[in-house]
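Heads up, the thing below is written out as structure tokens.
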There are 4 protein chains.
Amino acid sequence: MSDVAKSKPGRRASIGSRRNPQTEAAVLAAARQLLTERGYAGFSIDEVARRAGAGKQSIYRWWPTKADLFIAIYGIEKNAAIALPNHQDLTLDLTQYTSELWRFWRHNPGGRTFRALIAEAQASEAALRALRTKFLPERLDPVRTLFERAAERGEISADEVEDRVQLWVGFNWFRLLTGQIDDDAQVIARMTKYLVH
Amino acid sequence: MSDVAKSKPGRRASIGSRRNPQTEAAVLAAARQLLTERGYAGFSIDEVARRAGAGKQSIYRWWPTKADLFIAIYGIEKNAAIALPNHQDLTLDLTQYTSELWRFWRHNPGGRTFRALIAEAQASEAALRALRTKFLPERLDPVRTLFERAAERGEISADEVEDRVQLWVGFNWFRLLTGQIDDDAQVIARMTKYLVH
Amino acid sequence: MSDVAKSKPGRRASIGSRRNPQTEAAVLAAARQLLTERGYAGFSIDEVARRAGAGKQSIYRWWPTKADLFIAIYGIEKNAAIALPNHQDLTLDLTQYTSELWRFWRHNPGGRTFRALIAEAQASEAALRALRTKFLPERLDPVRTLFERAAERGEISADEVEDRVQLWVGFNWFRLLTGQIDDDAQVIARMTKYLVH
Amino acid sequence: MSDVAKSKPGRRASIGSRRNPQTEAAVLAAARQLLTERGYAGFSIDEVARRAGAGKQSIYRWWPTKADLFIAIYGIEKNAAIALPNHQDLTLDLTQYTSELWRFWRHNPGGRTFRALIAEAQASEAALRALRTKFLPERLDPVRTLFERAAERGEISADEVEDRVQLWVGFNWFRLLTGQIDDDAQVIARMTKYLVH
DNA sequence: ACGTAAGCGAGACGGTACGTCAGGTCTTAGG
DNA sequence: CCTAAGACCTGACGTACCGTCTCGCTTACGT
């Protein structure tokens with residue numbers, strides 16, 4: 001990916017009236033790298049374009065807001081990184097999944113991207129909309145699945161799933177946003193107590 | 001406030017080798033107003049200075065980062081706005097306090113300021129530090145007090161207070177940051193269930 | 001100056017948007033006007049940008065220092081303003097040329113620009129360098145030509161041309177910088193005596 | 001002097017309703033030092049006050065413009081530095097005096113101060129006035145004396161003194177302002193030719 | 001087969017904010 | 001009345017990004 005991002009010499013011409021996947025890859029790689037290195041404050045479309053060897057317009061064409069870029073980056077990695085456990089036990093599942101999530105967040109691109117996205121959503125109405133429509137539903141899914149399975153097993157009541165999801169997700173956001181996601185399996189396990197009854 | 005913020009005519013001179021409280025008031029008023037009108041994205045030190053009729057240096061002198069400004073604004077209002085209930089019942093207390101908090105957040109300056117502060121903390125390490133040291137402790141206090149009183153009454157266990165605080169605060173942040181703080185007393189009441197056992 | 005204004009007629013090595021000649025003209029006009037009105041002390045890039053309706057970056061892009069701007073302005077006008085006399089007589093030529101030069105200097109933009117450039121060269125090493133390399137050679141040319149023609153006619157010795165040029169130019173600078181360039185043809189004529197032998 | 005300029009610890013209190021000579025000395029020393037280190041561009045009243053441990057108001061009270069400060073500094077040193085030669089020969093006198101002048105200018109404070117004063121005079125009408133009334137007459141004196149003595153000896157005509165002074169002074173300014181005052185006794189000697197007939 | 005339309009990298013453009021610095025004015029507090 | 005200190009407002013500094021635009025190409029697709 002970095003080799004793509006640096007393909008300075010031969011410029012990447014248009015491939016006709018359609019999106020060039022090389023350009024897309026180069027932009028996402030550059031954005032990911034920039035976010036990792038400098039975080040939300042140091043992130044700029046100018047610099048992404050510079051690093052990707054892309055025109056700014058090409059970026060704005062496909063990702064109209066920074067939030068779109070953040071969402072694209074996050075999606076790529078998150079799915080690959082975390083598997084959904086299934087121990088037939090809500091506490092175990094929740095603890096394992098959350099531990100892995102925090103580990104993913106601590107690993108630079110993941111957490112930085114998420115934090116950037118949330119920050120951006122506070123700055124721009126469009127970003128907030130993107131967060132709610134394009135990001136949240138998909139991101140809440142894994143946790144919701146864990147609770148749904150538990151409901152099927154009878155561990156919790158089915159009509160409490162959504163509330164429990166929000167409670168748990170909120171806690172995770174709080175820890176991420178305040179910089180408290182050191183891997184502490186004990187803390188996580190202890191906290192699940194309230195969600196499991 | 002607006003009369004202070006608009007004191008354009010006679011420029012506000014120094015009152016000697018010490019901080020001028022009029023300047024301080026004008027800056028805070030202007031910052032509050034600007035945040036209300038334009039939110040985090042439209043907030044700039046330049047514009048605050050312009051509206052307050054203050055020099056930028058005067059602002060940087062007393063509030064080195066935007067976070068400091070946000071914290072100052074938030075503190076002024078929050079304390080005045082919300083009383084801590086005491087019905088000798090955790091559910092009642094929590095529901096009432098949280099309802100008022102959401103109402104305060106919905107009312108522009110409050111929520112906007114909080115959201116701006118969290119966003120800023122994701123952009124700047126210094127802001128994150130300010131959030132954790134100057135803001136969080138004081139802001140968590142009211143909720144913690146509610147849980148502590150409940151523990152004293154025997155409603156919950158004393159060593160669970162801190163965890164429950166974080167769970168509840170996290171939920172509130174999540175709703176604020178995703179724009180879901182419409183006053184829905186029923187939702188709040190329903191959610192308290194998990195915190196009250 | 002012509003190098004600044006030069007727009008390559010043929011094809012360009014690099015693609016990309018082209019310099020907008022209207023912007024260039026607007027900036028130079030604004031700079032000229034500002035210098036005329038307020039002189040060196042009142043001259044600022046901010047104000048030039050404001051008057052030209054240009055972005056500051058556009059100015060810094062093409063004229064990295066104020067000196068570059070001054071040189072560009074001066075060149076445009078000086079060449080148009082003063083013709084080089086040729087009476088086959090050094091005294092006559094020198095007197096006429098100098099009289100016209102002083103008149104040009106007294107007429108606002110000319111003198112103000114020259115004075116600003118010299119002042120700037122005392123403030124910045126880069127400006128001094130620009131003065132010596134981009135400005136002086138071309139500016140000394142007319143006077144040198146007068147002396148060279150005189151040498152060809154045998155009025156003076158050929159190896160004294162450069163010294164005489166400096167002596168004469170120095171005198172002119174002195175008068176300009178101390179505000180003594182009232183048109184006094186007699187004074188000028190009298191002073192030429194020392195340069196003509 | 002540097003001990004005066006650095007007298008930070010024990011603050012220099014007022015000595016009552018009159019000028020404090022220690023403050024005056026400290027300010028001049030600080031100004032001289034600052035000019036030496038950073039030149040005209042880096043010279044600011046703020047920094048002088050800081051280094052002198054003086055209030056800005058104290059400086060403005062006694063030296064209303066920067067030019068006044070420059071003139072004060074220059075006067076102190078120039079007189080001490082250069083003796084007026086008297087070899088009963090204009091060429092010799094002029095060559096020696098000018099060589100010493102250039103050496104003095106090359107030695108930091110001298111040249112920097114002079115250049116700063118001339119630059120300032122192009123920026124401010126008041127400074128130009130100060131240059132012409134408080135500075136020039138006194139500074140032209142030594143050179144004028146050389147020419148007057150020559151006139152008394154019959155080397156030159158008495159009514160040409162003033163013109164020759166200006167020609168010579170102009171040449172010297174030109175070399176200083178364009179950064180060409182390397183000690184080249186030969187150049188100076190050669191140039192005197194035109195002033196001596 | 002060929003014109004058109006979209007995509008591409010480049011980069012100029014008018015704006016605006018950044019955080020710093022200097023200018024001058026003013027007030028206090030202390031001889 | 002003078003001095004030191006330093007707060008105050010103004011406004012310039014030079015840099016960086018914003019999002020839009022124009023430019024000269026390149027390619028695929030619909031006619």
Side-chain angles (χ1 to χ4, degrees), chain A residues 8 10-20 22-23 26 42-47 49-50 52-62 64-66, chain B residues 8 11-20 22-23 42-47 49-50 52-62 64-66, chain C residues 11-12 14-20 22-24 42-47 49-50 52-62 64-66, chain D residues 11-20 22-23 42-50 52-62 64 66:
Chain A
K8 269 281 166 185
R11 73 183 239 150
R12 200 170 40 238
S14 165
I15 57 170
S17 303
R18 66 198 210 285
R19 188 165 181 170
N20 183 342
Q22 283 182 29
T23 293
F43 187 89
S44 78
I45 299 293
D46 273 83
E47 181 64 18
R50 222 171 285 135
K56 288 205 282 176
Q57 205 65 277
S58 299
I59 299 180
Y60 282 113
R61 188 162 26 240
W62 304 117
T65 73
K66 288 185 189 178
Chain B
K8 268 279 165 185
R11 75 183 236 158
R12 200 170 40 239
S14 164
I15 56 168
S17 302
R18 64 196 210 287
R19 187 167 181 167
N20 184 342
Q22 282 182 28
T23 294
F43 187 89
S44 79
I45 299 293
D46 272 85
E47 182 63 18
R50 222 170 285 134
K56 286 204 285 176
Q57 205 66 276
S58 299
I59 299 180
Y60 282 112
R61 187 163 26 243
W62 305 117
T65 74
K66 289 183 187 176
Chain C
R11 41 182 40 239
R12 299 180 302 152
S14 135
I15 55 177
S17 187
R18 270 193 257 242
R19 183 167 181 175
N20 183 346
Q22 286 182 23
T23 294
E24 180 178 6
F43 187 90
S44 78
I45 299 292
D46 272 83
E47 182 63 19
R50 224 171 282 135
K56 285 206 286 175
Q57 203 66 281
S58 300
I59 299 180
Y60 284 113
R61 196 168 12 246
W62 303 115
T65 73
K66 288 183 187 175
Chain D
R11 80 184 231 161
R12 196 171 44 239
S14 165
I15 57 169
S17 307
R18 61 195 208 284
R19 187 166 181 171
N20 183 341
Q22 282 182 30
T23 295
F43 187 89
S44 77
I45 299 293
D46 273 82
E47 183 62 18
V48 172
R50 219 170 289 134
K56 286 203 282 177
Q57 204 63 272
S58 303
I59 300 180
Y60 283 115
R61 194 163 13 245
W62 303 117
K66 287 185 188 178

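In this text, all values refer to a predicted model and were calculated from it rather than measured experimentally. Excluded from the calculations below are hydrogen atoms, water molecules and symmetry mates; all remaining heavy atoms, backbone and side chain alike, are included. In what follows, every chain begins at residue 1, and chains take the letters A, B, ... in the order their sequences are listed.
Put simply, the side chain of B/Lys56 and the base of F/dG11 share no donor and acceptor less than 3.5 Å apart. If you check distances only, the side chain of B/Ser14 does reach the base of F/dA7 with a donor-acceptor pair under 3.5 Å.
Set against F/dC8, F/dT3, F/dC17, the side chain of B/Asn20 has F/dC8 as its closest nucleotide. You'll find that the side chain of A/Trp62 is closest to E/dG7, out of E/dG9, F/dA12, E/dG7. Nearest to the side chain of A/Arg19, among F/dC17, E/dC18, E/dC8, sits E/dC8. The B/Thr23 side chain lies nearest to F/dC8 when the options are F/dG19, E/dC18, F/dC8.
Distances shown here put a side-chain N or O of B/Arg12 below 4.0 Å from the OP1 or OP2 atom of F/dC9. One finds no side-chain N or O of B/Arg61 lying less than 4.0 angstrom from the OP1 or OP2 phosphate oxygen of F/dG6. Using a 4.0 Å cut-off, some side-chain N or O of B/Ser58 falls inside it from OP1 or OP2 of F/dC9. Considering only side-chain N and O atoms, D/Lys66 lies nowhere under 4.0 angstrom from the phosphate OP1 or OP2 of E/dA22.
A/Gln57 comes within 4.0 angstrom of a base, heavy atoms only.
Scanning both residues, D/Ala49 and D/Gly55, for their nearest heavy atoms gives CB-C, 4.3 Å.
Computed from coordinates, the D/Ile59 CD1 to E/dG23 C1' distance equals 12 Å when rounded to whole Å. Between the CD atom of A/Gln22 and the P atom of E/dG7 there is a distance of 17 Å, given to the nearest Å. Straight-line distance from the CZ atom of B/Arg50 to the C1' atom of E/dA17: 9 Å, rounded to whole Å. In this structure, CD of A/Glu47 is placed 15 Å from P of E/dG11, rounded to the nearest angstrom. Here the C1' atom of nucleotide E/dG14 and the CG atom of C/Asp46 are 14 Å apart, to the nearest Å. When rounded to the nearest whole Å, the span between OH of A/Tyr60 and P of E/dC8 equals 16 Å.
Residues C/Gly53 and B/Ser44 each lie close to DNA chain E; by heavy-atom proximity, the contact nearer the 5' end of the strand is made by C/Gly53. When each of C/Phe43 and A/Ile45 is assigned the nucleotide of DNA chain F bearing its nearest heavy atom, the one mapping closer to the 5' terminus is C/Phe43.
Taking NZ of A/Lys66 as the start and CD1 of A/Ile45 as the end, the distance is 6.0 Å to the nearest 0.5 Å.
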Check: Step by step, would you call C/Trp62 with C/Glu24 a side chain to side chain contact (heavy atoms under 4.5 Å, CB included)?
Finding: CA-CA 9 Å; C/Trp62 303 115; C/Glu24 180 178 6; over 6 Å; no
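Proximity of a side-chain donor or acceptor of B/Arg12 to a complementary backbone N or O of B/Ala52 within less than 3.5 Å is detected.
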